[in-house]
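What follows is a single structure, written as structure tokens, with notes after it.
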Amino acid sequence: MTDNHNKIIYLLEELRARVESPLTDLFWSSYNSVSEILEEIDSYVIRLSAMDIDVMKDIQFFIAPTGSMQEISISNGWSDEFIVITEKLDQLIQINNQGATDT
């Protein structure tokens, strides 16, 4: 696993920590439970660890503007942190995608 993948996993774990509370408001999202979100994040980490490069597209969709994760961040008062995390994720995914096309 590359350092880039480790950084992406770290940022996904940051998002996971934000939603982990059972008090997380999911009203404006497509999720039915916090455990559903946690399982999705965990699946991305597992796929990254297995070097599944297709997971990058799924992560981009997961953090897309106006998507469920952004709605959750707004509803729960951490939208600024969400923007910072997703900007870093986007940069790392971009670097990863460039490396994949360079080989």
Would you please test I37 and M69 for side chain to side chain contact (heavy atoms under 4.5 Å, CB included) and show each step? CA-CA 9 Å; I37 302 166; M69 280 306 298; 3.9 Å; yes
Under the side chain to side chain contact (heavy atoms under 4.5 Å, CB included) rule, what do L38 and Y31 come out as? Steps first, then yes or no, please. CA-CA 10 Å; L38 299 179; Y31 294 97; over 6 Å; no
Show your reasoning for whether side chain to side chain contact (heavy atoms under 4.5 Å, CB included) applies to N32 and L26. CA-CA 7 Å; N32 296 313; L26 303 176; over 6 Å; no
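To the nearest 0.5 Å, atom CD1 of residue I9 and atom CG of residue L89 are 11.0 Å apart. Here M56 contributes atom CE and L48 contributes atom CG; the two are 5.0 Å apart, rounded to the nearest 0.5 Å. Note that NZ of K7 is 7.5 Å distant from CD1 of I95, once rounded to the nearest 0.5 Å. A distance of 10.0 Å separates OH in Y44 from CD1 in I63, rounded to the nearest 0.5 Å. The structure places CD of Q70 at 7.0 Å from OG1 of T86, a figure rounded to the nearest 0.5 Å. The distance from the CD1 atom of I41 to the CD1 atom of I46 is 12.0 Å, given to the nearest 0.5 Å.
Electrostatic pairing of R16 and D42 counts as a salt bridge here, judged by a charged N lying under 4.0 Å from a carboxylate O.
Side-chain atoms of T24 come within 3.5 Å of backbone N or O of S21 as a donor-acceptor pair. Counting only distance, with no hydrogens or angles, the side chain of D25 and the backbone of N76 share no donor-acceptor pair below 3.5 Å. Formation of a donor-acceptor pair under 3.5 Å by the S68 side chain with backbone atoms of S30 is found in this model.
Side-chain atoms of V84 and W78, non-hydrogen and from C-beta on, never get closer than 4.5 Å to each other. Using a 4.5 Å cut-off on side-chain heavy atoms (C-beta onward), T2 and H5 make contact.
Residues G77 and E81 approach most closely at O-OE1, 4.3 Å, considering heavy atoms. Here the shortest heavy-atom pairing between D54 and D52 reads N-OD1, 3.0 Å.
Under the 4.5 Å side-chain heavy-atom criterion for Ile, Leu, Val, Met, Phe, Trp and Tyr, F61 and I53 are members of distinct hydrophobic clusters. M51 is connected to I8 through a chain of hydrophobic side-chain contacts under 4.5 Å among Ile, Leu, Val, Met, Phe, Trp and Tyr, so both are in one cluster. In terms of hydrophobic clustering, with Ile, Leu, Val, Met, Phe, Trp and Tyr side chains grouped at heavy-atom distances under 4.5 Å, I74 and I72 are assigned to different clusters.
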